[in-house]
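I have placed the structure first, in the form of structure tokens, so that the comments after it can refer back to it.
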Amino acid sequence: MKKLVVDILVKALPEMDIKLEKEEIESMVEVPPQLDMGDYSFPCFAFAEKLKRSPHEIALELREKIGNISELDFESVDVMDGYVNFIFERQSMARKVVWDAINDKADYGSSKIGKGKKIVVEFSSPNVAKPFGIGHLRSTIIGNSLANIADFVGYKVKKVNYLGDWGSQFGKLIAAFEEIGDEDKLMKDSMDYMLKLYVKANKYKKYEKLGHETFQRLENKDRKALMMWKVFRNLSIDEFEKIYNTFKIKFDEFSGESQSVKYTGRVIEELKKKKLLKKSKGAMIVDLKKYDLGVVLIQKTDGTTLYATRDIAEAIRRYEKYKFDEMIYEVGQEQNLYFKQIFKVLELMGYDWAKVCQHVSHGLYLDKDGKKFATRKGKTILMEDILEKTKKLTAKEIKKRWPKVSKKELQRRALIVAIAAIFYGDLKNNRKKDMVFDLKKFTSFEGNTGPYLLYTYARASSILEKANTKKGNSKIKIDSVEEIGDLMPKEFELVKELSLFLDKVQESFNKLNPSVVAAYCYDVCQTFNEFYHCCPVIGSENVGFRLALVEAFRQTLRNALRLLGIDVLEEM
RNA sequence: GCACCUGUAGCUCAGCCUGGAUAGAGCGCUUCCCUCCUAAGGAAGAAGUCGAAGGUUCAAAUCCUUCCAGGUGCACCA
């Protein structure tokens, strides 16, 4: 709908001697704070100086010019305090929006702004041989949502999980295993056993030196060490996959630091050739002090590589593999400086695609007392435990309301609600900021929570269910959209809200912030509940349109939630 | 020490990029609404020096400067 307004302005503004690009106009058109002010508005303050007239006068004249060329479904175009306010004809807007939502189905709200472009999204990236902890949850949730949104706006998306599967800690781990390892235990209870081994490897001093040597063996492709490493890696991936399957998250590639090792030699050669590499204190560095970015360590004194070396190599590998148009790294904000360094080094190496690489950062999870809580009592908080705990909480609530559901069905619903609770609990926040991770609040069935959204969806589904069984027809007749009576204010508010979905998705992508879509989910649910409260569907005179409106709402919410990685329930 | 991020209602957070029409939600608190499609909902109320002070502007929570408070990062970990 916004497009219609923009198109008119594109025609009208030149008549006023105002020259603006279409994109500029698009970004100026806004949604007024009050519904009765209009559906969209165009502020004229910015032109006052140039035209040497008051914003109000300019708005009035613009209004006239629009009148001359208007042939569209507007109820009115008004001027108010320097704004030109556009009000669509209610029925025709309702018809179009509801019709679009029902017909476009899973595509409602999608666009093609990224058509022909490829984006690589790196996210989640847990460490091999360690359990999937809460520390990687934020990246997983946000990265997945960003990938979904990018796909929805037309990009070709490649999702990469960059495992922490290389580095000196594997030296220690393998060294410890070679000395005290128990193969049976490893195979039986791998994650648990690997963690124990990991703790031991870090506890005893002897593994520090031994680990050093073993890591050098790894870097030199020692067969035995490499074999052990591979076992650890595969066992870990199997374990991670279980969690991703539960979350219904799929990756295009399990990469990892190990994948880039074969490129690190080349990186070092190239850096040398371009005279970027410098010897310092026995190690090799790239000096970025003149860019205020400190120095980057590329090669340790013992000749082995570092995280940075491998990340640079990996970026090159990915570009050669995917030829991406954009690449985003969904990684915590504590690595802000680090990513600036990496991108700078790539730029200095002459890769002009370095400028399309972006670090999309997120803040920390805090506990209820506002303290950092990635670890507590020195122990990692396991994803498995969080999920179990959340499921228990949601199952309890569901059982209160549905004492008769089967155990299996209860588990199914509890899981979907639990994921909604956790994902929405995270995504409703601006990703850049630290946030309190409070399962009690996330799982509450009241207020601004994931369960509230699913409840609203289920309520809507229930209406259709009832309507269908009563009348015996299995489908809403879209034709009924043609006969729309006078719209109640709440009906129109819902129509209006549904019409904003496309704008919100695009905004969310532009900001690379899923919270825009999350906030939209909440808004549209609130509006639906208001409608639900005051506009009975079944038995009303306007039942045809209202059923269609409910279906349009369900479709829109389903699409929006899908972008957040959240499933819906028909009954809850 | 330097750099980056954050500070909005008792609590948890939107809004800040791109200044604009009465600063919004949820929880909690005080009321009201189930003979009515899931009350897990809806309506109303109380609650704010938008960290502080300056500046820019017709207009500042939003932009700039300084200060205060908290967090994070700054060489052989990832």
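Naming convention: chains lettered A, B, ... in sequence-line order (proteins, then strands); numbering from 1 in each chain.
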For this session: For nucleotides B/G28 and B/G10, find the distance between their C1' atoms and express it as a whole number of Å.
Result: 8 Å

Listing, residues 20-28 of chain A side-chain donor-acceptor contacts under 3.5 Å, not counting sequence neighbours, or none:
residue	atom	partner	partner atom	Å
A/Glu24	OE1	A/Glu21	N	2.9
A/Ser27	OG	A/Glu24	O	2.9

Exercise. Using the P atom in both, what is the distance from B/G71 to B/A25, to the nearest Å?
Worked result: 32 Å

For this session: Indicate, with a heavy-atom threshold strictly under 4.0 Å, whether A/Ala283 touches base, sugar-phosphate, or nothing.
Result: base

For this session: Scan A/Asp36 against the nucleic acid and name what it touches under 4.0 Å (heavy atoms): base, sugar-phosphate only, or nothing.
Result: nothing

Exercise. When you measure from the side chain of A/Ser515 to the backbone N and O of A/Leu427, does any donor-acceptor pair fall under 3.5 Å?
Worked result: no

Exercise. What nucleotide, of B/A78, B/C17, B/C27, holds the atom closest to the side chain of A/Glu446?
Worked result: B/C27

Problem set entry | From B/U72, B/U22, B/A75, nucleotide with atom closest to A/Glu334 side chain | B/U72

Seminar exercise, completed: From the candidates B/A21, B/A40, B/G73, the one with an atom nearest any side-chain atom of A/Tyr455 is B/A40

For this session: Side chain of A/Ile538 only, please: which of B/G7, B/U72, B/C37 is the nearest?
Result: B/C37

For this session: Output the single nucleotide from B/G26, B/G71, B/G15 whose closest atom is nearest the side chain of A/Tyr522.
Result: B/G26

For this session: Specify the residue among A/Ser27 and A/Lys428 whose closest nucleotide of RNA chain B lies further upstream toward the 5′ end.
Result: A/Lys428

Exercise. Between atom NZ in A/Lys432 and atom C1' in B/C13, what is the gap in whole Å?
Worked result: 16 Å

Exercise. To the side chain of A/Ser280, which of B/U12, B/G41, B/A75 is closest?
Worked result: B/A75

For this session: Would you indicate what A/Leu297 reaches in the nucleic acid, counting non-hydrogen atoms under 4.0 angstrom: base, sugar-phosphate, or nothing?
Result: base

Exercise. Side-chain N or O of A/Ser168 less than 4.0 angstrom from OP1 or OP2 on B/A78?
Worked result: yes

Problem set entry | C1' gap between B/U56 and B/C63, integer Å | 8 Å

Exercise. Can any side-chain N or O of A/Asn161 pair as donor or acceptor with the backbone N or O of A/Ser124 at less than 3.5 Å?
Worked result: no

Exercise. Side chain of A/Ser515, base of B/A14: donor and acceptor closer than 3.5 Å?
Worked result: no

Problem set entry | Rounded distance in Å between the P positions of B/A21 and B/C50 | 16 Å

Exercise. Could you give the CD-to-C1' distance, from A/Gln526 to B/G42, as a whole number of Å?
Worked result: 10 Å

Exercise. So what does A/Gly167 touch, heavy atoms closer than 4.0 Å: a base, only the sugar-phosphate, or nothing?
Worked result: sugar-phosphate

For this session: Can you figure out which of B/A78, B/C37, B/G73 approaches the side chain of A/Ile463 most closely?
Result: B/C37

Exercise. If you check every side-chain atom of A/Asn127, which of B/A78, B/C16, B/U22 has the closest atom?
Worked result: B/A78

For this session: Look at all strands and tell whether A/Gln335 reaches a base, only sugar-phosphate, or nothing, counting heavy atoms closer than 4.0 Å.
Result: base

Problem set entry | A/His136 side chain vs A/Ser125 backbone, donor-acceptor pair below 3.5 Å | yes

Exercise. Base, sugar-phosphate, or nothing: which does A/Met435 touch, judged by heavy atoms less than 4.0 Å apart?
Worked result: sugar-phosphate

Exercise. For atom C1', what is the distance between B/G48 and B/G24, given to the nearest Å?
Worked result: 11 Å

For this session: Run the numbers on A/Ser255 and A/Arg318 for side chain to side chain donor-acceptor pair (under 3.5 Å), then give the verdict.
Result: CA-CA 10 Å; A/Ser255 176; A/Arg318 277 187 214 162; 4.9 Å; no

For this session: Just call it for A/Pro55: base, sugar-phosphate, or nothing, with non-hydrogen atoms closer than 4.0 Å on any strand.
Result: nothing

Exercise. A/Tyr520 ring centre to A/Lys504 NZ or CZ under 6.0 Å, with the angle to the axis within 45°?
Worked result: no

Problem set entry | Residue met sooner reading RNA chain B from 5', once A/Cys525 and A/Arg459 are mapped to nucleotides | A/Arg459

Exercise. Does the A/Ser444 side chain pair with the main chain of A/Lys441, one donor and one acceptor, at a distance under 3.5 Å?
Worked result: no

Exercise. How would you label the contact of A/Pro451 with the nucleic acid (heavy atoms, under 4.0 Å): base, sugar-phosphate, or nothing?
Worked result: nothing

Exercise. If you measure from the C1' atom in B/U65 to the same atom in B/A60, how many Å do you get, rounded?
Worked result: 15 Å

Exercise. Which listed nucleotide (B/C13, B/A75, B/C5) is nearest to the side chain of A/Ile285?
Worked result: B/A75

Exercise. Are the side chain of A/Lys428 and the backbone N or O of A/Asn448 linked by a donor-acceptor pair below 3.5 Å?
Worked result: yes

Exercise. When rounded to the nearest Å, what value does the distance between C1' atoms of B/U6 and B/A61 take?
Worked result: 14 Å

Exercise. Using a cut-off of less than 4.0 Å, is there contact between a side-chain N or O of A/Arg401 and OP1 or OP2 of B/A39?
Worked result: no

Exercise. What does A/Thr456 touch in the nucleic acid at a heavy-atom separation under 4.0 angstrom: a base, only the sugar-phosphate, or nothing?
Worked result: nothing

For this session: Provide the distance between the two P atoms, one in B/C64 and one in B/U18, to the nearest whole Å.
Result: 9 Å

Problem set entry | Per A/Lys433 side chain, nearest of listed nucleotides B/U6, B/G73, B/U72 | B/U6

